[in-house]
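Naming convention: chains lettered A, B, ... in sequence-line order (proteins, then strands); numbering from 1 in each chain. FYI, side chains are in, hydrogens and waters are out, and symmetry mates aren't considered; it's all heavy atoms of this structure.
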Number of protein chains: 2
Amino acid sequence: MTIRNIDSTLSLAILGRISMHPMSGYDVRKVFLSTAWKTFSSSPGAIYPALKRLETAGFIKGTVEKKDTLRPRKIYLLTEKGREALVEYLSRPLTREDIIWRLDIISLRFAFMDKLLEKERIFSFLQKLGTEIDSYLRILAEENMRLKKNMSFCGWAAFQLGVENLKTYARWAKRIQNELGKEEGDK
Amino acid sequence: MTIRNIDSTLSLAILGRISMHPMSGYDVRKVFLSTAWKTFSSSPGAIYPALKRLETAGFIKGTVEKKDTLRPRKIYLLTEKGREALVEYLSRPLTREDIIWRLDIISLRFAFMDKLLEKERIFSFLQKLGTEIDSYLRILAEENMRLKKNMSFCGWAAFQLGVENLKTYARWAKRIQNELGKEEGDK
DNA sequence: TGCAGCATGTAACCTGTTACATGATTAG
DNA sequence: CTAATCATGTAACAGGTTACATGCTGCA
């Protein structure tokens, strides 16, 4: 059983939003246009083709409202196959490559975990995030020492920003792990 | 006098690296493959076409070493036009859009400012970065209050990460402004 | 009546990914 | 001699951007 892949960050964001609540392409656009999800493209030329691909892959299913009108509103629902694909994607173990090339996707992945992964998995995701960042930071520290003298001030400062950024992610991971632990008592 | 634009993040990174030191396509690849600049694509299918576009635009000029061999080494130099284009690009006033959609480009822009912009401009870039982030953070805080109750735990946490990230940038900007001020005395 | 917002879509173009291709030089 | 590294490139494909296109609905 080969599940075709989620083919882009945008597709992941759309699929995730639909997993939270069924919605139309226009609804997705509104979210990406007017909320903190602004980072994603709200252009119809990106969203409608992405929805079509997700439907072709069998991850979502559109049902038409107002069939009579010329431009009916199509509401998309997550299918079982789509749920499986999302779970599989979110469960993938974090790698150093994720830290280097896809750091921005991490918070996106995390945002959808609530109803799709068990608490244990969410916890270990955060754990792995922390350790991966720490090990990469060690490599960067070595590189920093080697290059320090040849670097220009601005080059050095930009490097520092990258480091601070990673540290912020690591701090966040630890904090959220804590809060997740606390929640245990609530139930 | 219309200067054709730097057409992608990768082109900016390449042009910037060449502005620091003349180099061949292979040299660029090595930097993007093995240093903290790993975030950028080191694939030949991305770099060589980008170099060609930069040369066509007149921003860089390739001179061939070892003409006799079949695969000569081509060293690229920044042209005057290229320097102007870079200066123009780096001088562009930061906007909220830069904060929302191009946050990652900020450190890249900054890394090349040393030899291309006067200290005054570098300083005001950092200043603007701080104020833009602060004003966007206020909007996010409002949104946070409005949505807090309907949000899932993971959704809320992901949102928090975004906020922490922006705060890191703002802190960095203030710190570097300080250090830039201190440097004044050195000269 | 006219304008803003609802709602979906297509087409040209551009950049980056993946995979392939070529051949020289150097170290073991 | 052979493997790794130097060194440059192309071609098919995929996804996003920009701009265009269509027509409905509700409100002032």
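- The existence of a salt bridge linking E142(B) and R146(B) is excluded, since no basic side-chain nitrogen approaches an acidic carboxylate oxygen closer than 4.0 Å.
- Using a 4.0 Å heavy-atom distance criterion, R29(A) is classed as a base contact.
- For residues 96-117 of chain A, the set of pairs meeting the ring pair (Phe, Tyr, Trp, His ring centres under 6.0 Å) definition, not counting sequence neighbours, comprises W37(A)-F112(A), F110(A)-W172(A).
- The neighbour count for E120(B) CD, taken as heavy atoms of other residues, nucleotides or ligands under 6.0 Å away, does not exceed 12.
- A donor atom on one side chain and an acceptor atom on the other are not found under 3.5 Å apart for T131(B) and D134(B).
- Taking atom CG of N5(B) as the reference point, atom P of dT15(C) lies 11 Å away to the nearest angstrom.
- Atom-to-atom, CD1 of I47(B) to P of dC6(D) comes out at 14 Å; the value is rounded to the nearest Å.
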Close N or O pairs between protein and nucleotides 17-19 of chain C (under 3.5 Å):
from	atom 1	to	atom 2	distance (Å)
dT17(C)	OP2	S41(B)	OG	2.6

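- Atom-to-atom, CG of L51(B) to C1' of dT10(D) comes out at 15 Å; the value is rounded to the nearest Å.
- Each end of the helix from dT1(C)-dA28(D) to dG28(C)-dC1(D) gets its own rotation axis from five pairs of C1' atoms, and the angle between them is 20° to the nearest 10 degrees.
- For R83(B) and E80(B), the salt-bridge test passes: some basic side-chain N is under 4.0 Å from an acidic carboxylate O.
- When heavy atoms are screened at a 4.0 angstrom cut-off, S11(B) is found touching no nucleic acid atom at all.
- An OP1 or OP2 oxygen of dT8(D) is reached within less than 4.0 angstrom by a side-chain nitrogen or oxygen of S24(B).
- The interatomic distance linking E55(A) (CD) with dG9(C) (C1') rounds to 14 Å, in whole Å.
- No side-chain heavy atom of L108(B) sits under 4.5 Å from any side-chain heavy atom of T39(B).
- Separating the OH atom of Y26(B) from the C1' atom of dG23(C) is a distance of 14 Å, rounded to the nearest angstrom.
- The CZ-C1' distance, from R73(A) to dC6(C), rounds to 9 Å in whole Å.
- The CD1 atom of I60(A) sits 11.5 Å away from atom OG of S19(A), with the distance rounded to the nearest 0.5 Å.
- The side chain of S8(B) places an N or O atom within less than 4.0 Å of a non-bridging phosphate oxygen (OP1 or OP2) of dG16(C).
- Taking atom NZ of residue K52(A) and atom P of nucleotide dG9(C), one finds them 7 Å apart after rounding to whole Å.
- Remark: D27(A) engages R73(A) in a salt bridge, criterion side-chain N to carboxylate O under 4.0 Å.
- Taking atom NZ of K30(B) as the reference point, atom C1' of dT5(D) lies 10 Å away to the nearest angstrom.
- With no hydrogens or angles considered, a side-chain donor-acceptor pair links D98(A) and T95(A) at under 3.5 Å.
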